[in-house]
> 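Sending over a structure as structure tokens; questions will come in a sec.
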Amino acid sequence: MHLTTVATALLTCASFTTALPHSGHSLEKRCTEHEILKALAGTYSLVNTTSALNGKPIPDEAYGKAPVGLLIYTADGWMSATITATEPEFRPNLTFPYQPNDTDADWSAVGRHSIGYAGPLRLSNAIPANETNGQVFHGPLTVANVPTWVGANQRRNYTVIEAGGEKYLKIGSERGGGYTGTLWWKKVKTVA
Ligand SMILES: *[C@@H]1O[C@H](CO)[C@@H](O)[C@H](O)[C@H]1NC(C)=O
Ligand SMILES: *[C@@H]1O[C@H](CO)[C@@H](O)[C@H](O)[C@H]1NC(C)=O
Ligand SMILES: *[C@@H]1O[C@H](CO)[C@@H](O)[C@H](O)[C@H]1NC(C)=O
Ligand SMILES: *[C@@H]1O[C@H](CO)[C@@H](O)[C@H](O)[C@H]1NC(C)=O
Ligand SMILES: *[C@@H]1O[C@H](CO)[C@@H](O)[C@H](O)[C@H]1NC(C)=O
């Protein structure tokens, strides 16, 4: 690229870099990061999940057989994810806030079968990254229903797959202790 072109590209990008407050990278890397986050940005609806322990498939005890979820990635480096099971036994008909006569067992079922968290979205440099393939961190998480996830960095591999007019995000999730997951998300189309 011609020097002026590079300078212009960096300048154009520089106006966005303040929008990536979590990135510790150089200006040039932050530009690449910005381009990639812009490509990934969107709201995605959960399609399916699979779990494994040390590479061997296991049932997804937490999410159940038909989880629902929304994943939101923004171009300026933020994310939010919420997933819950849908089985009635995992979803007793509780209301919020909790009531004195609610049972701990009911709340326990809800707690065990749902997750919600949000925070910075950052590009990892552990593997080469581009608009369709790479690794990100969810974190350090600002808020999470699971207490030990606050401040944590969740490592996620991403692959973008375009098929049948839909855009899918395949996320490889590392949960620690040998637990991994694969989550397929489908980009939600603009609400008319
Ligand atoms: C999950 O959904 C994707 C996209 O529709 C599909 O390609 C994949 O085979 C599904 N995986 C499972 C385990 O159902
Ligand atoms: C569940 O709770 C909501 C809100 O209190 C109520 O409107 C609904 O009728 C309840 N459904 C069942 C199946 O109990
Ligand atoms: C809990 O209390 C509310 C009123 O305070 C009542 O409407 C509800 O039926 C009670 N639920 C149970 C499971 O007893
Ligand atoms: C992104 O990286 C993947 C894996 O390294 C590669 O297969 C793919 O062709 C790259 N895509 C683009 C658009 O460069
Ligand atoms: C993420 O990608 C890295 C590098 O390809 C790989 O070693 C790791 O197993 C992947 N993790 C998951 C959960 O897909």
Side-chain angles (χ1 to χ4, degrees), residues 1 5-6 9-10 12-13 16 20 22-23 25 28-73 75 77 79-87 90 113-115 117 119-141 144 146 148-149 152-190:
M1 230 191 305
T5 320
V6 173
L10 282 178
T12 311
C13 175
F16 292 111
L20 290 182
H22 326 293
S23 175
H25 296 145
E28 200 166 340
K29 280 209 170 135
R30 286 160 89 178
C31 286
T32 310
E33 181 169 16
H34 176 71
E35 286 308 314
I36 293 174
L37 295 187
K38 206 165 71 178
L40 298 178
T43 300
Y44 299 84
S45 169
L46 187 63
V47 178
N48 60 47
T49 70
T50 46
S51 273
L53 178 58
N54 300 320
K56 288 202 178 123
I58 54 165
D60 216 322
E61 304 285 1
Y63 295 149
K65 290 198 170 74
V68 289
L70 277 186
L71 173 69
I72 299 171
Y73 280 173
M79 63 72 53
S80 173
T82 308
I83 300 175
T84 79
T86 55
E87 285 86 344
F90 299 154
H113 301 285
S114 59
I115 198 145
Y117 63 91
L121 174 69
R122 297 179 296 126
L123 203 59
S124 149
N125 51 20
I127 57 175
N130 62 25
E131 272 90 343
T132 58
N133 238 283
Q135 192 175 80
V136 290
F137 286 113
H138 296 166
L141 294 178
V146 174
T148 58
W149 280 31
N153 285 291
Q154 304 282 335
R155 195 185 284 275
R156 300 287 184 268
N157 292 349
Y158 64 84
T159 309
V160 174
I161 295 127
E162 311 245 10
E166 307 286 358
K167 181 172 177 175
Y168 294 93
L169 197 56
K170 185 186 168 194
I171 296 285
S173 162
E174 283 170 24
R175 298 168 180 164
Y179 288 96
T180 55
T182 303
L183 294 88
W184 281 81
W185 300 88
K186 186 164 84 175
K187 191 164 185 181
V188 172
K189 302 212 166 120
T190 310

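Each residue takes its place number in the sequence, starting with 1. Worth knowing before you read on, the calculation uses all heavy atoms, side chains too, and leaves out hydrogens, waters and symmetry mates. As the structure lists them, so they are numbered: ligands from 1, and atoms in each ligand from 1. Predicted model only: the values in this text are computed from it and were never measured.
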> Tell me which one of V160, N130, T159 gets a heavy atom nearest to atom 10 (C) of ligand 4.
N130
> Donor-acceptor check, side chain of T43 to backbone of V188, threshold 3.5 angstrom: yes or no?
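No; zero donor-acceptor contacts below 3.5 Å.
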> Relative to ligand 5, is A126 under 4.0 angstrom through side chain, backbone, both or neither, heavy atoms considered?
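No part of A126 is near ligand 5 at this cut-off.
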> Would you say atom 14 (O) of ligand 1 makes contact with the protein, given that contact here means a non-hydrogen protein atom less than 4.0 Å away?
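Yes, at least one protein heavy atom sits under 4.0 Å from atom 14 (O) of ligand 1.
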> Within a distance under 4.0 Å of any heavy atom of G172, pick out the atoms of ligand 5 and give their elements.
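It comes down to these atoms of ligand 5: 13 (C), 14 (O).
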> Using distance alone, decide if ligand 5 has a nitrogen or oxygen within less than 3.5 Å of any nitrogen or oxygen in E174.
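Checking ligand 5 against E174, an N or O pair does fall under 3.5 Å apart.
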> Could you find the nearest protein heavy atom to atom 5 (O) of ligand 1 and give me its residue, atom name and distance?
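In this structure, atom 5 (O) of ligand 1 has Y168 CE2, 4.0 Å as its nearest protein heavy atom.
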> Just which atoms of ligand 1 are under 4.0 Å from any heavy atom in T50?
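Those of ligand 1 that fall under 4.0 Å from T50 are 13 (C).
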> Can you find a heavy atom in the side chain of Y73 that is under 4.5 Å from one in the side chain of L37?
no
> For K187 and A41, indicate whether the former's side chain and the latter's backbone hold a donor-acceptor pair under 3.5 Å.
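Present.
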> Is the side chain of Q135 donor-acceptor paired with the backbone N or O of S124 at a distance under 3.5 Å, no angle test?
no
> Between CG of L71 and NE2 of H138, what distance do you get to the nearest 0.5 Å?
5.5 Å
> State whether the shortest distance between N or O atoms of N48 and N or O atoms of ligand 1 falls below 3.5 angstrom.
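Looking only at distances, the answer is yes, because the N/O contact criterion of under 3.5 Å is met.
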> Output the distance between atom CG (L183) and atom OH (Y63), rounded to the nearest 0.5 Å.
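One finds 6.0 Å between CG of L183 and OH of Y63.
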> For atom 7 (O) of ligand 5, is some protein heavy-atom partner under 4.0 Å away?
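No.
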> Heavy-atom contacts with I127 under 4.0 Å: which atoms of ligand 5 show up? List them by number with element.
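Going through ligand 5 atom by atom, the ones under 4.0 Å from I127 are 4 (C).
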> Apply side chain to side chain contact (heavy atoms under 4.5 Å, CB included) to T82 and L70, showing your working.
CA-CA 6 Å; T82 308; L70 277 186; 5.5 Å; no
> Short list, please: which atoms of ligand 5 are under 4.0 Å from a heavy atom of S173?
13 (C)
> If we ignore hydrogens and angles and just use 3.5 Å, is the side chain of R122 paired with the main-chain N or O of G77 as donor and acceptor?
no
> Could you check atom 3 (C) of ligand 5 against the protein and tell me its nearest heavy-atom contact, residue, atom and distance included?
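Ranked first by proximity to atom 3 (C) of ligand 5 is N157 ND2, 3.6 Å.
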> Would you say NZ of K170 has more than 12 non-hydrogen atoms from neighbouring residues, nucleotides or ligands within 6.0 angstrom?
no
> Suppose we measure from atom 4 (C) of ligand 1 to each protein heavy atom; which comes out shortest, and what is that distance?
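Nearest neighbour among protein heavy atoms for atom 4 (C) of ligand 1, to 0.1 Å: W184 CE3, 3.6 Å.
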> With heavy atoms of V47 as the reference, note each atom of ligand 1 found under 4.0 Å away.
2 (O)
> How are the rings of H113 and F90 set relative to one another: parallel (under 30°), tilted (30 to 60°) or perpendicular (over 60°)?
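Rings of H113 and F90: parallel, under 30°.
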> Quick one: which ligand 4 atoms are inside 4.0 Å of a heavy atom on T132?
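The atoms of ligand 4 under 4.0 Å from a heavy atom of T132 are 1 (C), 11 (N).
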